[in-house]
Amino acid sequence: MECRLLLLLRWTGATRKQGCFASYHHYPRSPGLLETMFRATPRTLRLRIRASFNHVNRARLLAANLSSTAVRCQGSTGTVDDCDSLPTADDCRSAEEHEHALKAAARDGQPGHLGRSYLYVPCTAEKMLEKSLTTNSDVIVYDLEDSVPPSDPDKTSARSRIAHFLLTRHGSLPSPSRIAMRLNSNVTPFFEEDILQAMRLPCVRTLVLPKIHSAQDLHFVSEHIYMTYRAHKIRNPQGPPVQIVASIESAKAMHNLGEIASWQSAWGPEQGGKLSALLFAAEDYCADTGIVRTSTRQELLYTRSHIVVTAKAFGLSAIDMVCVNYKDPEYLRSECEDGKRLGFTGKQAIHPNQVDIVQSTFVPSDKEILRAARILKQMEKAHLANRGAAGLELEGGGMEMIDAPMIKQAERVVRIAKSAGLPIPEVE
Ligand code: COA
Ligand code: MG
């Protein structure tokens, strides 16, 4: 076997402090361990192996080798998933570059991966697909729906264009946690081919489903996911669950929001998919309801707030509407800030130049991080002094009472800041 085997091991189930990954470079002909990186306590953790191979049989064979290493390490068993999703040595110019790519992939796949911007990339033109490789958007949504003309030949060629692209550009693709595909809705004649194609591409980890009006729609989608595992056997059921993003675009969906957000697949997340987010499609929603949009966004306040709160009730992400004024950065910024204040976790984008503004807004500002760090410190001191509340000096003078709910908020701010790699200041 002349291939060089590179393996990424990631431990799940660790506490946040322990949570981490290890990276092995292992050569079948000289099976020494070239590098290990451990930052976890291995004993108690479940092991998951993500490996990069070009061939599934080879993957199985080599996984068996690896399991024994894994067993020796921590008395645990492993599974192989995503064989095709990680960069292979052949895809990189040097071993160093390869290692860097693998670490980046592991970082992206860690719990806490941010979903601040969802950039739509129309599958109508090769140029746009190529451009998608240059964006740092947290999520890239390859679109088969509204950005593709409605004719059968256009839909068919968009579907084959994206499949060819994702299969041939394999080595330069972002990690699967960043790749999504928006399918045509489940009532269209395109849906069945779309979902089959998406499931055939192991790097597509997230499906964005437009025009979800009820839990029944999600059940229908899930049945198709299940069939691709069971009948078609085109995806490894041991891999990570397919994430489903439900796009809310109608009065009926709003009426059924609770049942949509609480939906769980009858076949379990592993084989039926897992709902991960509610997303608000404002233009379709206005078309459905007759709501007239204004630049104040006042007429959408109820709907947007309702979506956020319902998503949060069921532990889902909430993705705000597209800003269609794609050449006006100030307008975009104000819409992002508005969405962040309402509690949205991210926002859709339609142009690459929107991504940076979206991503820099949907993380805490320096001021917010400093305030969170001060609250945590003050509350720690208060608890040591046997008190449940304390006073916090305000920046512009004056005092503010802080107590338990503020700790929760501050912890959330610090958690997001850490996921985004932002520094947390030391405070007294
Ligand atoms: N994804 C990837 N690349 C994109 C892109 C996108 N969403 N939008 C623009 N680009 C590329 C263009 O191809 C162009 O590439 P080039 O520099 O290699 O020529 C570059 O970015 C600059 O584009 P620009 O000329 O500013 O935009 P445009 O006038 O060509 O297109 C839109 C404007 C709005 C039509 C286009 O951005 C678009 O189609 N966005 C997606 C729309 C969509 O997905 N709608 C459905 C979801 S709501
Ligand atoms: Mg639409």
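Order of listing sets the numbers, starting from 1, for every ligand and every atom in it. This is a predicted model, so every value here is computed, not measured. Numbers here are sequence positions counted from 1.
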In D284, the N, O or S atom nearest to the Mg ion (ligand 2) is which?
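Of the nitrogen, oxygen and sulfur atoms in D284, the Mg ion (ligand 2) lies nearest to OD2.
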In D146, the N/O/S atom nearest the Mg ion (ligand 2) carries the name OD2
Tell me the nearest of Y142, Y326, Y120, Y118 to atom 32 (C) of ligand 1, using heavy-atom distances.
Y326
Salt-bridge contact E193-K155 (side-chain N to carboxylate O under 4.0 Å):
no
Please determine if E426 and K377 form a salt bridge, counting it only when a charged side-chain N lies under 4.0 Å from a carboxylate O.
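A salt bridge is absent here (no side-chain N lies under 4.0 Å from a carboxylate O).
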State whether a side-chain donor-acceptor pair under 3.5 Å links [X] with [Y].
X	Y	value
E299	T294	yes
Y118	S137	no
Y120	Q348	yes
Q359	S117	yes
S214	Q216	no

Any protein heavy-atom neighbour for [atom] (distance below 4.0 angstrom)?
atom	answer
atom 35 (C) of ligand 1	no
atom 25 (O) of ligand 1	no
atom 30 (O) of ligand 1	no

Protein heavy-atom partner closest to [atom] - residue, atom, separation in Å:
atom	answer
atom 22 (C) of ligand 1	H351 NE2, 3.8 Å
atom 8 (N) of ligand 1	P352 CD, 3.4 Å
atom 19 (O) of ligand 1	K127 NZ, 3.0 Å
atom 4 (C) of ligand 1	M128 SD, 3.2 Å
atom 41 (C) of ligand 1	I350 O, 3.2 Å

Atoms of ligand 1 less than 4.0 Å from [X] heavy atoms?
X	answer
R182	46 (C), 47 (C)
K327	26 (O)
S147	43 (C), 44 (O), 45 (N), 46 (C)

Side chains of I260 and I248: does their closest heavy-atom pair fall under 4.5 Å?
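When only atoms from C-beta onward are counted, I248 and I260 do touch, with a gap below 4.5 Å.
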Is the closest heavy-atom distance from E130 to ligand 1 below 4.0 Å?
no
Would you please determine whether E145 falls within less than 4.0 Å of ligand 1 on a heavy-atom basis?
no
For K131, which part has a heavy atom under 4.0 Å from ligand 1: side chain, backbone, both, or neither?
side chain
Give the ring-plane orientation class for H306 versus Y302, where under 30° counts as parallel, over 60° as perpendicular and anything between as tilted.
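Parallel.
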For Y285 and F280, take the angle between the two ring planes, folded into 0 to 90°, and tell me which bin it lands in: parallel under 30, tilted 30 to 60, perpendicular over 60.
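Geometry flag for F280 against Y285: perpendicular rings.
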Evaluate the side-chain contact (heavy atoms from CB on, under 4.5 Å) criterion for residues R333 and C336: first the C-alpha distance (whole Å), next the side-chain angles of each, then the deciding distance (0.1 Å), finally the verdict.
CA-CA 5 Å; R333 194 181 302 280; C336 288; 5.6 Å; no
